[in-house]
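I have placed the structure first, in the form of structure tokens, so that the comments after it can refer back to it.
In what follows, every heavy atom counts, from backbone to side chain, and hydrogens, waters and symmetry copies are set aside. Order of the sequence lines sets the chain letters (A, B, ...), proteins ahead of strands, with each chain counted from 1.
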Protein chains: 2
Amino acid sequence: MKKLDSTSKADLPSQIAKAIRDFIMAGDLIVDERLPSESELADQFDVSRPTVREALKRLAAQSLIRTQRGASGGAFVNRLSFEEAYGQQITTSTLLLSMNAVSFETACEARYALERACAALASQRRTDKQLSVMKSEIARQADADLTDEAFCASDVAFHRALVDGAGNPVLSYQLAGAVEAMQPLMNMITFTERSRATIIALHQRILDALRNRDAGLADSALVDLDEYTRSLGREVVSKRQARTGTTSTA
Amino acid sequence: MKKLDSTSKADLPSQIAKAIRDFIMAGDLIVDERLPSESELADQFDVSRPTVREALKRLAAQSLIRTQRGASGGAFVNRLSFEEAYGQQITTSTLLLSMNAVSFETACEARYALERACAALASQRRTDKQLSVMKSEIARQADADLTDEAFCASDVAFHRALVDGAGNPVLSYQLAGAVEAMQPLMNMITFTERSRATIIALHQRILDALRNRDAGLADSALVDLDEYTRSLGREVVSKRQARTGTTSTA
DNA sequence: TTTTTTCATTTGTCAGACAATTAAAAGTCT
DNA sequence: AGACTTTTAATTGTCTGACAAATGAAAAAA
């Protein structure tokens, strides 16, 4: 049924995990189907149960399977939900950004490039509900008592509504990772009263454009927001360099 | 140092993995730093070594750590490469598309929306090397003996060069997942001689536009390619429905 | 000093055991 | 018969202990 490559130098759990993963991805195991028990798998692959367990844990870490204890328990092929996929994407993106020292400029550019693509679609398809979410987030952002973190969170919610306005779950999924992963970077930026007002005004321009289904205005507002966000980032970086003399970009 | 939430109902390896992952993501463990040995971790978390091992395997499955045997071996924080991130993104995206029955239309729309965003940047930044890659892929696609799979692979290579032309690794990373994940769907489409010629002509238009740094022409060529790809998809779906009477969208 | 050997450390794998959980089967009462 | 309770078997979760394999470092020999 399943076979291992005995010539491979990879450790056994990896090989077993790969074999099962290939099985699932090829469609030989469908969603909610039960895998053989750990003991049976151990027999099939001719390894011990702990080895099989490690392989299953690897798959569980990727949300490919879920396990259940009990009489009719076992490992089941998991229907990957968009939510779980978000989580993984965010984890991966966050690490990529933090470890590969992607510059704020690069991350910003990618984010707004994707958002502009969404805005073009959203200007056609946005629902009233999404407009009202954006409106209420703008109202929240105007609260002077808001902490920087809360301001950023509201910002994320606003942009999320914008992205969802495109009505394309694949785009929402792709972008969610980028936006969320950028939040630690965004949090490092200090939002003065003046910069908050500027951002809110730009948000309002985006909202108005979407309300009027004007893709061109939405795009130009996003371009301006892109440029403004980058200038804020540059400011923070230069200030820090002046203060510490470091050249880190992370 | 590290603590577990004893009130959580999640299994121990999950909690341990989360604790270590949070440690890494917070920057308390930097790249290439060595984690305590499995025995030491077992003592710290007050669990047995196999339990720790399962936790480490989960992290290894996410490419967060790598392990090495031997005297000075152990688990080390892994520098997540874009390549590894690609792999994970592709796995996740493929499963999402295959299991959540995203329609061909939706996937197509997302893909070309992202590509158009890249093309705008690529028209400014593309290098001669990327242009030559695109040119040679077009030449390959003109070979009538090419199998459909090889044609698709060449198509992916062409679009990859286009995306890389944007010079933004974050965008490349985001899009790689979408494009690769769509390949199984694309492979299902039968490419007639006529459709191949049409696609090649559109590729040529894109190449010419990028060569002349004309963002507008590149965009309109991609819009046309988007529309043409979707029409091919609709054709295949309607033919299949007529033949089998199924209404599946996957 | 250079090479070889030995050794301690660490992960990889295994075997076996017991606990916790759960659904189904068996039993019991009305 | 039907509803409820108890038992039971299956399965994963976790632990203990052990040995193999790899590997770098220290010790010994040339």
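- Look at CZ on A:Arg69: it is 5 Å from P on C:dT21, rounded to the nearest Å.
- To the nearest angstrom, P of C:dG12 lies 9 Å from CG of B:Leu56.
- Rounded to an integer number of Å, the gap from A:Asp11 CG to D:dA20 C1' is 15 Å.
- For the pair A:Arg34 and D:dT11, the criterion of a side-chain N or O lying under 4.0 Å from OP1 or OP2 is met.
- Heavy-atom distances to DNA chain C give each of B:Glu38 and A:Gln68 a nearest nucleotide, and the one nearer the 5′ end belongs to B:Glu38.
- Between A:Ser48 and C:dC14, a side-chain N or O to OP1/OP2 separation shorter than 4.0 Å is present.
- Among A:Glu137, A:Arg126, A:Met134, the single residue meeting the side-chain contact (heavy atoms from CB on, under 4.5 Å) criterion with A:Leu162 is A:Met134.
- Remark: B:Pro50 pairs with B:Ser48 by the side chain to side chain contact (heavy atoms under 4.5 Å, CB included) rule, at least two apart or across chains.
- Put simply, the side chain of B:Arg34 gets close to the backbone of B:Gly73: a donor and an acceptor are under 3.5 Å apart.
- Between B:Ala71 and B:Arg53, it is B:Ala71 whose nearest contact on DNA chain C lies nearer the 5' terminus.
- Contact annotation: B:Thr51 side-chain N/O to D:dC15 OP1/OP2 distance is under 4.0 Å.
- Rounded to an integer number of Å, the gap from CD of B:Gln15 to P of D:dT14 is 9 Å.
- The residue B:Pro13 sits close only to the backbone: its heavy atoms come under 4.0 Å of sugar-phosphate atoms, none of a base.
- The shortest distance between the side-chain N/O atoms of B:Arg49 and the OP1/OP2 oxygens of D:dT16 is not below 4.0 Å.
- Using a 4.0 Å cut-off, no side-chain N or O of A:Thr67 falls inside it from OP1 or OP2 of D:dT11.
- In this structure, A:Arg230 places its CZ atom where more than 12 heavy-atom neighbours from other residues, nucleotides or ligands lie under 6.0 Å away.
- Under a 3.5 Å cut-off, the side chain of B:Gln62 and the backbone N or O of B:Leu59 do not form any donor-acceptor pair.
- When rounded to the nearest whole Å, the span between CG of A:Asp46 and P of C:dA15 equals 9 Å.
- The distance between atom CG of A:Leu12 and atom P of D:dA22, rounded to the nearest whole Å, is 12 Å.
- Straight-line distance from the CD atom of B:Glu40 to the C1' atom of C:dT10: 10 Å, rounded to whole Å.
- Rounded to whole Å, the distance from CZ on B:Phe45 to C1' on D:dC15 is 18 Å.
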